[in-house]
Amino acid sequence: MAEEKKKRDGFGSKLGIIAAAAGSAIGLGNIYRFPCEVGNNGGAAFLLVYLAVVIFLGIPVMLSELVIGRRSQSNSVGAFKKLAPKTAWPIVGYMGVLCGFLIFAFYSTVSGWTLEYIVKSVTNSFQGKDLATIEKEFTAFHDMGWRNVMWQGIFIFLTGFVVFKGVKNGIEKYAKILMPLLLVILIALGIRSITLPGAKEGLAFLFKPDFSKITGKVLISALGQGFFSLSLGMGVLITYGSYVKKSDNLTSTAFSVVIADTVIALLAGLVIFPAAFSFGVKPEAGMGLVFNTLPMLFNQMAGGFWFCLIFFVLLAIAALTSTISLLEVLVAYLSEELHLKRQWATVVACAGTMLLGAFASLSLMSDTPFAIGGRPVFDLMDFISSNILLPVGGVLIVIFLGWYFGKQKFFAEVTNEGTIKAPLKKVIFFIIRYLAPVAIAIVFISGLIK
Ligand code: PHE
């Protein structure tokens with residue numbers, strides 16, 4: 001413990017923090033959850049609200065978290081204890097830890113699927129199949145509850161293994177090389193998708209907004225998706241911020257990460273919707289929208305076998321850099337606040353996640369006992385954490401920064417104590433203090449009422 005206090009593990013380079021934060025942000029949220037949400041919320045209208053959320057709320061909230069983390073040099077709970085001693089603010093940190101645990105539990109279910117799909121690609125098991133067959137096999141896979149749990153367990157183990165080895169060697173190395181590769185693959189898939197017959201309809205769905213479709217549900221879903229996709233509102237970027245060097249530029253980090261994450265999400269939309277419309281997969285198909293459309297798409301491509309395999313390997317890695325960040329929040333908390341050895345903290349957090357996560361996996365079977373009011377526990381965990389806890393966490397974080405932490409310290413932190421320029425600092429602080437809390441609250445409350 002004493003050792004850890006003296007020398008906290010940290011990111012090695014400037015690219016290190018961007019790569020790690022982008023690694024956390026880019027994941028299943030972009031490639032699987034984003035298309036699902038667009039599809040379930042009427043397409044282009046949702047996309048517009050989403051973009052507004054990401055630009056006007058995403059950047060300020062992300063910067064707030066990074067500032068809190070680097071200033072306090074502490075985990076998400078310890079940060080508030082240090083910066084606001086003898087107040088109730090650490091509750092925000094505890095909420096984040098709880099939320100991270102919930103997200104990790106259901107996120108690891110879908111992460112596990114990427115492993116199943118790697119096996120399916122290696123064995124070339126989609127080739128020549130029609131949509132009905134692919135859909136049937138996807139459902140059949142869900143019904144093999146324990147097989148889902150097994151993959152989930154393997155994925156959690158992999159995550160634990162990387163975190164076990166520490167921040168620098170673990171997170172940084174993997175993220176740097178592989179995320180750009182994901183971008184390249186998505187571009188190739190996107191080109192194939194938009195040149196399919198009937199692709200136009202999909203493009204219209206994604207880009208031609210019908211404003212009458214903006215309802216309370218759309219607003220709250222876009223808000224939740226924005227926070228989820230950027231890993232905001234639960235302390236990932238507080239924790240990562242605490243590993244950032246004092247000489248790094250936090251503002252440009254926040255911009256880079258938001259841009260990278262949004263580009264990947266848009267590309268995922270461009271891959272999925274034209275193809276889905278072309279093959280006859282309904283935009284409201286939920287999980288099947290991605291997991292059934294993609295194999296169909298690979299079947300239509302020259303070299304489809306390789307595209308399929310490489311894509312699912314990269315998707316697994318993208319998911320891994322996200323689960324690493326989720327686990328890192330839990331481990332940093334357990335080791336620094338509860339004084340567990342880092343190794344034990346990792347084991348405890350992984351075991352706990354496995355236990356809760358199994359319910360998420362098993363709740364997707366057709367005859368599952370784990371449903372509440374007809375909704376699988378998986379959906380509830382997703383809804384509560386993404387659409388409720390993250391935005392509430394986000395609003396509290398900006399209120400903390402704007403009203404408690406204050407302008408002086410914020411300016412000092414974003415300008416690295418006056419050594420670099422941060423030309424947007426005033427605008428961003430204004431958004432943090434006034435606009436963001438009000439906007440998040442309005443969207444959130446209007447969503448809940450409707
Ligand atoms: N942002 C990640 C994704 O898009 C998921 C995530 C959410 C990770 C919250 C950490 C915290 O896949």
Side-chain angles (χ1 to χ4, degrees), residues 18-38 50 53-54 58 61-62 65-66 69 75-76 93 95-114 155-156 159 162-163 171 175 178-179 182 186 221-241 254 257-269 287 290 314-333 349 353 357 360 381-394 397:
I18 294 181
S24 169
I26 296 167
L28 299 168
N30 307 58
I31 289 164
Y32 148 79
R33 199 179 188 277
F34 174 75
C36 278
E37 292 293 295
V38 174
Y50 174 78
V53 166
V54 160
V61 176
M62 185 174 291
E65 288 201 29
L66 288 171
N75 65 85
S76 55
M95 232 177 69
V97 170
L98 186 83
C99 183
F101 180 48
L102 257 183
I103 293 181
F104 193 11
F106 74 82
Y107 197 90
S108 52
T109 296
V110 187
S111 304
W113 300 350
T114 62
F155 206 94
I156 293 173
T159 310
V162 177
V163 169
I171 304 167
L178 292 163
M179 291 305 104
L182 180 65
L186 281 175
S221 304
L223 184 69
Q225 176 61 21
F227 275 78
F228 186 88
S229 190
L230 294 170
S231 307
L232 295 176
M234 54 147 287
V236 164
L237 287 135
I238 295 181
T239 308
Y240 277 14
V257 174
V258 169
I259 291 169
D261 188 73
T262 308
V263 167
I264 297 278
L266 285 172
L267 272 174
M287 297 163 165
V290 175
L314 290 175
L315 186 59
I317 291 163
L320 185 63
T321 53
S322 300
T323 52
I324 287 168
S325 71
L326 288 162
L327 182 57
E328 185 63 33
V329 169
L330 306 182
V331 168
Y333 164 70
T353 306
M381 283 158 96
D382 184 348
F383 185 83
I384 292 170
S385 54
S386 317
N387 290 4
I388 298 180
L389 291 178
L390 293 183
V392 170
I397 285 167

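Quick note: numbers below take in every heavy atom, side chains included, and nothing from hydrogens, waters or symmetry partners. Given the structure is predicted, the values throughout are model-derived calculations rather than measurements. Numbering of ligands and ligand atoms starts at 1, following listing order.
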> What are the two closest heavy atoms between Ser221 and Glu37, and how far apart are they?
Replying inline: CB-OE1, 3.4 Å
>> Among all protein heavy atoms in this structure, tell me which lies nearest to atom 9 (C) of ligand 1, with the distance rounded to 0.1 Å.
In response: Ser231 CA, 3.6 Å
> Pick from Ser386, Ser385, Pro391: which one makes a side-chain contact (heavy atoms from CB on, under 4.5 Å) with Phe228?
Replying inline: Ser386
>> Using a 4.0 Å cut-off to any heavy atom of Val236, which atoms of ligand 1 qualify?
In response: 10 (C), 11 (C)
> Is Phe228 close to ligand 1, meaning an N/O of one under 3.5 Å from an N/O of the other?
Replying inline: yes
>> Looking only at side-chain N and O atoms, does Ser24 offer a donor or acceptor that is under 3.5 Å from a partner on Ser231?
In response: yes
> Does some side-chain heavy atom of Phe104 sit less than 4.5 Å from a side-chain heavy atom of Val329?
Replying inline: no
>> Within ligand 1, which atoms have a heavy atom of Asn30 less than 4.0 Å away?
In response: 4 (O)
> Should one rank Ala319, Ala318, Gly100, Ala25 by closest heavy-atom distance to atom 4 (O) of ligand 1, which comes out on top?
Replying inline: Ala25
> Between atom CG of Leu98 and atom CD1 of Ile103, what is the distance when rounded to the nearest 0.5 Å?
Replying inline: 10.0 Å
>> With the threshold set at under 4.0 angstrom, would you say Tyr107 reaches ligand 1 through any of its heavy atoms?
In response: yes
> Which of the atoms in ligand 1, numbered in the order shown and given with their element, are less than 4.0 Å from a heavy-atom of Gly29?
Replying inline: 3 (C), 4 (O), 12 (O)
> Can you name the one residue among Val61, Leu232, Val257 that meets side-chain contact (heavy atoms from CB on, under 4.5 Å) with Leu237?
Replying inline: Leu232
>> I'd like to check Leu389 versus Met234 (side-chain heavy atoms, cut-off strictly below 4.5 Å). Are they in contact?
In response: no
> Does Leu28 reach ligand 1 with a nitrogen or oxygen that is under 3.5 Å from one of the ligand's nitrogen or oxygen atoms?
Replying inline: yes
> What do we get for Met234 next to ligand 1 when only non-hydrogen atoms under 4.0 Å count, side chain, backbone, both or neither?
Replying inline: side chain
> In ligand 1, which numbered atoms sit nearer than 4.0 Å to a non-hydrogen atom of Ser325?
Replying inline: 10 (C)
>> When you compare ligand 1 with Asp261, is there at least one nitrogen or oxygen pair between them that comes in under 3.5 angstrom?
In response: no
> So, is Ser24 polar-close to ligand 1, with some N/O to N/O distance under 3.5 Å?
Replying inline: yes
> Would you call Thr321 and Ile26 a side-chain contact if the rule is heavy atoms closer than 4.5 Å?
Replying inline: no
>> Give me the nearest non-hydrogen protein atom to atom 11 (C) of ligand 1 as residue plus atom name, then the distance to 0.1 Å.
In response: Leu326 CD2, 3.5 Å
>> Looking at every non-hydrogen atom in both residues, tell me the closest pair between Val290 and Ile31 and how far apart they are.
In response: CG2-O, 3.5 Å
> What atoms in ligand 1 come closer than 4.0 Å to a heavy atom of Ser322?
Replying inline: 2 (C), 12 (O)
